Q: 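The structure that follows is given in the form of structure tokens.
The shown structure was predicted, so the numbers you read here are calculated from the model rather than taken from an experiment.
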Amino acid sequence: MPKAKGKNRRQKFGYSVNRKRLNRQSRKRAVPRIECSHIRHAWDRTKSVSQNLAEMGLAADPNKAIPIRKRQLPVMEMEVDGQDKGKRVVQKPYVLDELEYEASLPEKKSETLSRDLIDYVQYMVRSHGENYKDMARDEKNYYQDTPKQIKGKISVYKRFYPEEFQAFTASLQKVKMDQQ
């Protein structure tokens, strides 16, 4: 199938295009994406960053929000006409409330152990109890862990899953009692 007419000639440089203006427009269009959904929904594109954050009750510059005071002689401050200067009214307090609520939620447990490691530790404890030297000589010790390494793996398992380890040792005690 033949090409469309006029497509076979090479592209020429556009001398009439203002590259500086093009770059500026593309930078303006490609503003950074705000990751926090609460802030993104309350954002007003017509206002500056500091104005937007001030409306939400957030600080654009932490040094100006809580300034580090230099040691000076105490000076008496007096109210002038009952007005406090520097106090800003928060127009969008719901953003601050949502952020505080989200920060107060408990953090999800992200650290987990592999199923193989859990099975390995349970087998070693089931077979040898607290005898780490016997664990090191066990035929299932494929990676030839030393007694200290095995002890470390067991302690990691205890730390990550304390309830599960307690239930496991309790079941081992129950099995021992049944055998006797």
Q: For the CZ atom on Phe13, are there more than 12 heavy atoms of other groups (residues, nucleotides or ligands in this structure) within a distance under 6.0 Å?
A: yes

Q: Once you round to the nearest 0.5 Å, how far does CG of Leu53 lie from NZ of Lys92?
A: 10.0 Å

Q: Can Ile34 be reached from Tyr94 by stepping across I, L, V, M, F, W or Y side chains whose heavy atoms are under 4.5 Å apart?
A: yes

Q: Is the CD1 atom of Ile66 crowded by more than 12 outside heavy atoms at less than 6.0 Å?
A: no

Q: Heavy-atom distance under 4.5 Å between the side chains of Leu96 and Glu100, does that happen here?
A: yes

Q: Quick one: pull up CD in Glu102 and CG in Leu105 and give me the separation to the nearest 0.5 Å.
A: 7.0 Å

Q: Does NZ or CZ of Lys140 fall inside the cone over Tyr123's six-membered ring, less than 6.0 Å from its centre and within 45° of the axis?
A: yes

Q: Is any side-chain heavy atom of Leu99 closer than 4.5 Å to one of Cys36?
A: yes

Q: With rounding to the nearest 0.5 angstrom, report the CD1 to CE distance, Ile39 to Met56.
A: 6.0 Å

Q: When rounded to the nearest 0.5 angstrom, what is the spacing between CG in Asp138 and NE2 in His128?
A: 3.5 Å

Q: Quick check: are there more than 12 heavy atoms from other residues, nucleotides or ligands sitting under 6.0 Å from CZ of Arg40?
A: yes

Q: Does the pair Arg115/Asp119 count as a salt bridge with the N-to-O cut at 4.0 Å?
A: yes

Q: As a quick check of understanding, evaluate side-chain contact (heavy atoms from CB on, under 4.5 Å) for Met124 and Tyr132, giving each step before the final call.
A: CA-CA 9 Å; Met124 290 297 186; Tyr132 299 112; over 6 Å; no

Q: Kindly determine whether Glu55 and Lys47 satisfy salt bridge (charged side-chain N to carboxylate O under 4.0 Å, His left out), including the steps that lead there.
A: CA-CA 10 Å; Glu55 280 184 357; Lys47 296 181 181 174; 2.3 Å; yes

Q: Can you tell me how far apart CD (Glu98) and NE2 (His41) are? Round to the nearest 0.5 Å.
A: 9.0 Å

Q: Which is it for Ile154 and Met135 under the side-chain contact (heavy atoms from CB on, under 4.5 Å) test, yes or no, and what are the steps along the way?
A: CA-CA 11 Å; Ile154 292 172; Met135 289 181 195; 3.8 Å; yes

Q: Can you confirm whether more than 12 heavy atoms, excluding those of Lys153, are under 6.0 Å from its NZ atom?
A: yes

Q: Taking all atoms of both residues into account, what is the closest heavy-atom pair of Gln166 and Thr169, and its distance?
A: O-OG1, 3.0 Å

Q: His38 and Val95: which non-hydrogen atoms are nearest, and at how many Å?
A: O-CG2, 4.1 Å

Q: Is it true that the side chains of Asp116 and Ser114 contain a donor and an acceptor less than 3.5 Å apart?
A: no

Q: Nearest 0.5 angstrom please: Phe165 CZ to Phe160 CZ, how far?
A: 14.5 Å

Q: What heavy-atom pair brings Leu113 and Val156 nearest, and what distance separates the two atoms?
A: CD2-CG1, 3.7 Å

Q: State whether a side-chain donor-acceptor pair under 3.5 Å links Tyr157 with Gln122.
A: yes

